Structures are given as C-alpha cells and as structure tokens.
Amino acid sequence: MEVFGDGHRLFIQSMMSRGMMNISEVKEVISECGLDVETEFKDKVVKFVRLINQHIGPINLEIRKGLEEENGQPYYILANTAETSISRLSSTYSPNELELFKKLIESIVENEDGKIGSLAAMNLTDKLEKKIGKEEAENFFNRLEDDRWIRKNTNGKISLSVRSIVELDQYIKDVYPDYVKFCSLCTKLCLQGRGCENCGAKFHIRCSNVFFNKQGSNKTCPEPNCRAPWGQVVIH
Amino acid sequence: MSLSQAFSQSLGVSQTQGRFGVEISDPVEKEKRVNELVQYMLIMDQKKIPIKKRDINRVILKGQNRAFNGVMEEAAEKLLEVYGFKIIELQDKLKDSYILVNNLELNESQKKLINTNQKDNAEMGLVFVILGMIFMNQNVIHEDEMWHALKKLGIFQDDLHSTFGNVKNLIMKEFVRKGYLRTELNTSTDPPTNDIYWGQRAEHEITKRNMLSMVCDINETQPSDWTYQMQLVMQEDQGSQQQEAENSAVPGPSSSSR
Ligand SMILES: [Zn+2]
Ligand SMILES: [Zn+2]
C-alpha cells in the first residue's frame, strides 16, 4: 500500500500551479516527488494519481488524462468535477473577460472545424455588453494561451486545448447540446476531427488513424450504420 | 496536546471561546462546509491576498458565524494533511485575516515545479530584493532610500517598467496588500515619508537565514561579516527550536509536524 506523503502534496501543488502537464513533465515532477521513474513508470503514475484523487475528490478536484485533439498527445489535467467549473475561473479572470471566453467557446463549438480565426476572435468583443478594447482582448487571448486554455496554430487559428476540453466538457455539453458532436469511435466530445461526407459522423484524427490502420487498403467510414467507402480523407 | 488543540491554538482559538462556539450539528452539513472552505482558501490564496474572516462567514458559512472555529479547525487540518499548506492567522492591522504558507520543505528545483508563472516569478524576485534591502538596513528602510537603490536596477518610481508596469503601485500597494511589505507613515520628516518593513507574509514565508545567505552570495561577503543580521538569524533558529521541542513533546500524528 502506497502511503500518502509529501511527494503527493508536492505533486498536487505543482498541478494547481500548472493546470496541466504532458507526460515528460509528469515524469520530471514525479521524480522530484521522490519516485523512481526508470521502471514501471506507467503503473506507478496510475497508482500515484489514483491515491491523490482519493484525497482531492472531496473538494471536487480530479486529475484526469486527456488527449490533445490536434496531435493526439496525452496530458494530465487538474479538472473541476462540479457543474460550475467555469465559475472556478472567476478568481483568475474578470467577469467581462469570462464573458469573452464564453463567446470564444461558443464560436469554436459552432464552427464545424473546431477553430476560429484570430480576426473573428477579435470581433467577438463587439458582442459583449460591456466593451473590451482590442488591445485588452489581445492580451486576454495571450493569457488564455499562456494558461494553456487555448492553442494557436501556425495560421493564427484558435482552438480549445485539451485542458479546456477536459475541464469544460460538461459545460460545453450542457450549453451547446445542438452543436456538439461526439467522436463515434471513443464517444468523447469532438471539436476538431474528420467528418464523413455520407453520414456526417465525426472522428478524432488520432482515433480514426488507429481505425484506418487496422482496416488496411479498403477504408470505410468507422460508423457501423454507414460504412460508406472512405475515398479521400476529408478534413473539415 | 492533540493535533486539533494545536490547530486551535495556532488559530488563536482558546478552549473557552471554543465552548461558546456553536457547532453545525449535522455532520454531513459540516463536512460540506469544511470542504467548501478548503476549496475557497486554495482558490483565494492564488492571488496571495489575505483571506478575511468576514468573507469566509459571508461566502462559506452564510451567516452561521458561530460555527467558524469548528469549521476552520477541520479545514486547517485538511489543508495541511492533503495539500501541505499551513494556515496562519495574521495579527495587528491584518487581524481577522488568514494566509496559506507552504509547509513543505522544498529544494530549489522543487520550488520551480510550483512557481511556473513568469510574471509572478519576476515580481517575487523584486520582493526578495526589497526584503533583502530592508533586512541589511537593520529591518527598516525609508521609501526614498529604497527608490534610490532600485534605480541601479533600472526601476524608477515614476516610470512604467517593461515587466512590472506601474511599479510604484506594485510595491507600495500590491506588495503591502499581499503582506510582503508593511509601511508606516513617518511624520518626523517634512514632508512625511513611508518607512518600509517586512510584512507578516514575508516573516512566515522567508527565513532570515536564507535571506542572509542569499544577500551574501550576491555581494560576495560572509554571513559572519554581518553581526546584527547574524544575531537575528540566531534568534530565529532558537525560536523554531523551541517550537520543535514543544511539538515533539507530544505523541500523535507525526506526518505533518516537522
Ligand atoms: Zn475519438
Ligand atoms: Zn459515414
């Protein structure tokens, strides 16, 4: 039996400071927490995180594993399990900034490709009741990127990072039930992915890559009720 | 002395006062309030602004003020056991407010794991420089002396700084509000100026020993060159030894006591 100790406390503090970590960061932190990461790392992480989750559960926190939609990279995220997760952000951002963040989420969710251009993002400020200047909005988007809530790709397009997807999962499902799509393969929320032109089903890039690799040369839509031939890969 | 009694004492709650407090009778309800308080303290502490008892009563206890001691005691225990933070009740002008202080003894590379915000780290660097000045100047510095010294670092009181922005507001308002610095208006000068001291958060977060060795590293001197400061370090060591002796005299849960 693993005993809860200072290593776990340090990991929690580090997680509260960072919000999310990739696998190599987890490895670095866990080894600073006094665990030998050279052997049976995966197994040790699972046990370590499970014990922490038992302790932080009472205040609606949970460390969860999630995949970045764009590249399929795994991350560990400190998520709030209470329904009011967006309100937890209120200590970090002002009410008006949160309104802008909500508008940003809205337009990303409503866009079929799960992204929004930087100019379109700037124009969201016009929809706010209390105005935010363009420069202020740009600073705010930079902060969201620094805090790893959003990602900007090389074309300047903004998407939600795995941190948002994991933390705001329930919020997005509750507020935009008509827009959200779920990956037919892993059944999780899917904002960025591939779509089937025949049935309209959506899949994560990573999930569908795994599926198509197994299929070999005769690729069909992964959706069981469709199975239409998958001609060229359509990326929406 | 039991662990919970130790907490009561550190929170300034005497046993007689405790007896007059009213516990929340439903254990489930009490547990809920305790967890909410733990969460509230962790969130509010991110801004490093002392948490007011008044706000806890309003937001968490919703007016059941007499349950404060009981709920606070259990929240303090959880913050220490699960999160490694000690609750400190502030004194004097900051009475009836609380801060969280890290109870883990961290080496430099471990500290980097929990301080990942670059802007915060830059500000902490500035706090350390000012605290160092105050300490080496025998615990107090006049405001104009401080600004004079900061000029050498390219920090001017009336200029916007590229990293710190309105640096005068940051030092004289924000650092004071966060409890790193304490100012006192000195009316013996004309016009009156501020004297700047270590704030209560600094006293709890930073040891004099670390501060002295850091200052000595920077200007390549030996701690023993600084007689007055060494005396303060010794006093601090004696104080913590005394506390340790008191703590270790009681058998009980030892995972949290150091
Ligand atoms: Zn999927
Ligand atoms: Zn299909």
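None of these values were measured; they are calculated from a predicted model. Sequence lines set the chain letters: A, B, ... in the order given, protein chains first and strands last, and positions in each chain run from 1.
Residue contact with chain A, scored on non-hydrogen atoms closer than 4.5 Å, involves the side chain of K78(B) exclusively. Neither the backbone nor the side chain of D120(B) comes within contact range of chain A, judged by heavy atoms closer than 4.5 Å. The contact between I12(A) and chain B is made entirely by side chain atoms (from C-beta outward), counting heavy-atom distances below 4.5 Å. Both the backbone and the side chain of I56(A) come within less than 4.5 Å of a heavy atom of chain B.
No more than 12 heavy atoms of other residues, nucleotides or ligands lie within 6.0 Å of CZ in R206(A), so this atom counts as exposed by the packing criterion. Atom NZ of K65(A) has 12 or fewer heavy atoms from other residues, nucleotides or ligands within 6.0 Å. Heavy-atom contacts from other residues, nucleotides or ligands closer than 6.0 Å to NZ of K62(B) number more than 12. Within 6.0 Å of the NZ atom in K30(B), the count of heavy atoms belonging to other residues, nucleotides or ligands exceeds 12. Atom CZ of F156(B) has more than 12 heavy atoms from other residues, nucleotides or ligands within 6.0 Å. Around NZ of K93(B), the count of heavy atoms belonging to other residues, nucleotides or ligands within 6.0 Å does not exceed 12. Applying the 6.0 Å contact sphere to NZ of K173(B) captures no more than 12 heavy atoms from other residues, nucleotides or ligands. For K42(A), the NZ atom sits in a loose shell: 12 or fewer heavy atoms of surrounding residues, nucleotides or ligands are nearer than 6.0 Å.
Between L113(B) and R18(A), some side-chain heavy-atom pair lies under the 4.5 Å cut-off. Proximity of Q46(B) to S17(A): side-chain heavy atoms (C-beta onward) are nowhere separated by under 4.5 Å.
No donor-acceptor pair under 3.5 Å is formed between the side chain of R9(A) and the backbone N or O of N103(B). Here the side chain of Q39(B) pairs no donor or acceptor atom with the backbone of N60(A) at under 3.5 angstrom.
Residues of residues 20-32 of chain A lying under 4.5 angstrom from chain B, judged on non-hydrogen atoms, are E28(A), V29(A), E32(A) in numerical order.
Rounding to the nearest 0.5 Å gives a distance of 8.5 Å between CE of M16(A) and CG of D45(B). To the nearest 0.5 Å, atoms OG (S14(A)) and CD (Q110(B)) are separated by 10.5 Å.
Among V34(B), L42(B), I43(B), the one residue that satisfies the side chain to side chain contact (heavy atoms under 4.5 Å, CB included) test with I59(A) is L42(B).
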Derivation of the side-chain contact (heavy atoms from CB on, under 4.5 Å) call for Q13(A) and F85(B): CA-CA 9 Å; Q13(A) 289 188 4; F85(B) 290 115; 3.5 Å; yes

